[in-house]
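Right, one structure below, let's go through it.
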Amino acid sequence: MSELNLVPIYLADRHHILDRLGVALERTFQTTVRIRKPWFDPEVSFDRSRGQYNSTVLLKLLLDDTADSSGKVLGVVGVDLFAPVFTYVFGEAQLDGRASVVSLHRLRPDVYGLTADDHLLFTRLLKESVHELGHCFGLLHCAEPACVMHASTYVEEIDVKSEWFCRYCQTAVRSTPE
Amino acid sequence: MRQEAGSILVVDDEFSVRDSLEQWFKMDGYRTGSAADASQALELLQEGQWDIVLLDIKMPGIDGMELQRRLRTIDPDLTIIMITAYASVETAVQALKEGAFDYITKPIDPEELSHVVRRASEQRRLRSENVRLKEKVDQLSTPSQIVGESQQMAEVLELVRSVAKTDATVLIRGESGTGKELIAQAIHANSQRRYFPIVPVNCGALPESLLESELFGHEKGAFTGAQYRRKGKLEMANGGTLFLDEVGTVHLKTQVDLLRVLETKEFTRLGGSTPTKVEFRVVAATNQNLEKLVEQGSFREDLYFRLNVFTISIPPLRERREDIPLLAQHFLESYSLQMNRAFSEFHPKAMDLLVRYGWPGNVRELANAVERALVVGTPPTVHAQDLPLQLSESAAIEVGESLADMERAHIEQILDRTGWNITRSAEILKIDRATLYNKIKKYGLQRR
């Protein structure tokens, strides 16, 4: 991967998490990470009736916003996301494409009534970021429970898997042309 | 590692719904397709195979409920999951009554969707595995192993086909080696019970006490040596077929117990006190004259009548000689494969011997003879000399009664056996080579 663009959206007081995430993703994907401000208005993706932001619309906005870059883009948002027809999504990605987006919102333990835990939040964010970027490399969900590409429909499933690709997915990522 | 999945068709009039769901399932490795209305859905279904259809109930034109009915006429095995934004108990119940696998409401909880689709995929997998296993059972059980084109065997097979459909008790009569067990297997394989076991019991091979334990099983400590509880053959046959081979050899005491089980469908293990219920079909076989045994008092008349409901008599091989070449060829091919020896044919002289021999041991003796020939012979042809001696001796006697006939046949047999080695043949016949040559000329013998 030539470079990875990280775009923060509505992170509020959690910008520091982005720097940590950038370092971790540089290590995982062996690439340079650039943090870029968005030049679009995320409110375009807001659905008033649901009180959530449309991840599919955000993907389009991110793609257009980083058209000058040949690298991949990951939007990191602090608000709740949905994809049409679904109640929520943790993130969304273009399969074998450039853009992906991940939300912190449902990864926060305090959203479920538990004590806030920044360490746990970061671990979950890292896993979901690697997961969505894996889709951009053309990876599908993996049957290996410990692989980061294993499907997670609720947050406890994210905690069970690791932040690493299994060897098959790792090989697939390395052999995917940019 | 990539997950193996099936195919999902999404039918919804809203593009965003179709797109979202297709993307979702693509990530899981499904082949996906989508249709905006009923006619597109029907077209896609005609063009290709789909495992699961996600179907919106409320659509303009033909709605989801009507479309479900139409999809079922094209592919009754299709798994349909109904989705709708307008949840009502009535439509849910209606959809499920008409065969929908499940029903989910929009907006869809990802966890719920994953769970439903996973269950649907698992059910499809189990269903197709069940079909595959049943086909395998059917394949393995076809009566094609019963070889024979004679009128007698055609009648036997017709009887097998007729009685197999019923649950009637069958008594198979025939000499030793005629294939009574094969017929029992064929009856079972063509019956409704074919997915349950057929349990054979060789009544003639066991002494009385062991036969009892074999049939009824025993509890731990029922007798010396009974260290564990053991299921008997009656229990193992539950739901299937119990095959009692050589039923005429069962001792009187065991006959009483057997009759009780056949009548009450209940038995108690040896050393036990709790009765066990069983239900099976009985096929019995005998090479003895049961009527005579009843007369002599060694076979109970009531058990005889219980077993003699439907009789199939298998003719001895000597009464259906036209089946011998077919059977011989069948065993040749079968044993060639097993032994990895490339035999493909019988020398006409060898086949002639096979056809003319009396076969007191019937088909089993024929199978043994062919097997022996393949061990001692040289591929690809089985010669007369490869066959067991009793065949050629028997054939020699059948040739003719004059001295000249017997001499001719004997010389021919020896020549065949030695592969027309004149020196060796003369030694065996205790004549000189010149005399042998004269005899060959006299009788017009020729090497084939």
Side-chain angles (χ1 to χ4, degrees), chain A residues 45 47 49-52 54-57 59-60 80-97 99-101 106 131-132 134-158 165-173, chain B residues 1-32 34-36 53-59 64 81-87 103-119 121-122 125:
Chain A
S45 65
D47 185 314
S49 64
R50 295 179 66 144
Q52 293 169 300
N54 188 320
S55 58
T56 309
V57 172
L59 277 187
K60 177 98 185 29
D80 197 16
L81 292 179
F82 79 97
V85 87
F86 289 110
T87 50
Y88 70 90
V89 290
F90 290 124
E92 189 178 332
Q94 289 183 312
L95 187 62
D96 211 12
S100 54
V101 64
R106 288 184 189 253
H131 181 97
E132 297 303 338
H135 284 317
C136 289
F137 278 94
L139 295 182
L140 301 179
H141 288 150
C142 182
E144 172 57 49
C147 179
V148 73
M149 292 310 298
H150 191 70
S152 315
T153 47
Y154 52 95
V155 78
E156 287 79 13
E157 282 186 325
I158 300 174
F165 294 113
C166 69
R167 59 193 176 99
Y168 300 102
C169 292
Q170 181 71 70
T171 308
V173 166
Chain B
M1 202 165 21
R2 185 165 170 166
Q3 234 171 320
E4 291 287 323
S7 55
I8 297 185
L9 177 64
V10 179
V11 185
D12 195 299
D13 56 322
E14 284 184 54
F15 169 77
S16 56
V17 171
R18 296 197 302 275
D19 190 52
S20 274
L21 286 172
E22 273 203 88
Q23 291 309 313
W24 175 269
F25 290 115
K26 270 191 182 128
M27 298 298 191
D28 273 341
Y30 285 96
R31 175 173 66 89
T32 62
S34 63
V53 173
L54 256 64
L55 178 51
D56 190 19
I57 287 183
K58 223 153 173 66
M59 290 192 297
I81 299 169
M82 308 299 281
I83 51 174
T84 185
Y86 307 95
Y103 180 101
I104 50 179
T105 54
K106 296 179 197 174
I108 298 170
D109 182 87
E111 193 182 328
E112 189 189 349
L113 180 63
S114 282
H115 181 64
V116 169
V117 170
R118 220 180 353 248
R119 277 196 304 117
S121 299
E122 180 62 11
R125 189 191 66 77

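In what follows, chains carry the letters A, B, and so on, assigned in the order in which the sequence lines appear, proteins first and then strands, with residues in each chain numbered from 1. Heavy-atom basis, side chains included; hydrogens, waters and symmetry copies ignored.
B:S20 contributes a side-chain N or O that, together with a main-chain N or O of A:P84, makes up a donor-acceptor pair within less than 3.5 Å.
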Quiz: residues 86-95 of chain A side-chain donor-acceptor pairs under 3.5 angstrom, not counting sequence neighbours:
| residue | atom | partner | partner atom | Å |
| --- | --- | --- | --- | --- |
| A:T87 | OG1 | B:I108 | O | 3.4 |
| A:Y88 | OH | A:T153 | O | 2.6 |
| A:E92 | OE1 | A:S55 | OG | 2.4 |
| A:E92 | OE1 | A:T56 | N | 3.3 |
| A:E92 | OE1 | A:T56 | OG1 | 3.1 |
| A:E92 | OE2 | A:T56 | OG1 | 3.2 |
| A:Q94 | OE1 | A:R98 | N | 3.0 |
| A:Q94 | OE1 | A:A99 | N | 3.1 |

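At a 4.5 Å heavy-atom cutoff, A:R167 makes no contact with chain B through either its backbone or its side chain. For chain A, the nearby part of B:L113 is the side chain; its heavy atoms alone come within less than 4.5 Å. Both the backbone and the side chain of B:S16 come within less than 4.5 Å of a heavy atom of chain A.
With sequence neighbours excluded, the residues forming a side-chain hydrogen bond (donor to acceptor under 3.5 Å, both in side chains) with B:R119 are B:D102, listed by chain and number.
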**Message:** B:K106 vs B:D56, test: salt bridge (Lys or Arg N to Asp or Glu O under 4.0 Å). Steps then yes/no.
**Reply:** CA-CA 10 Å; B:K106 296 179 197 174; B:D56 190 19; 3.5 Å; yes

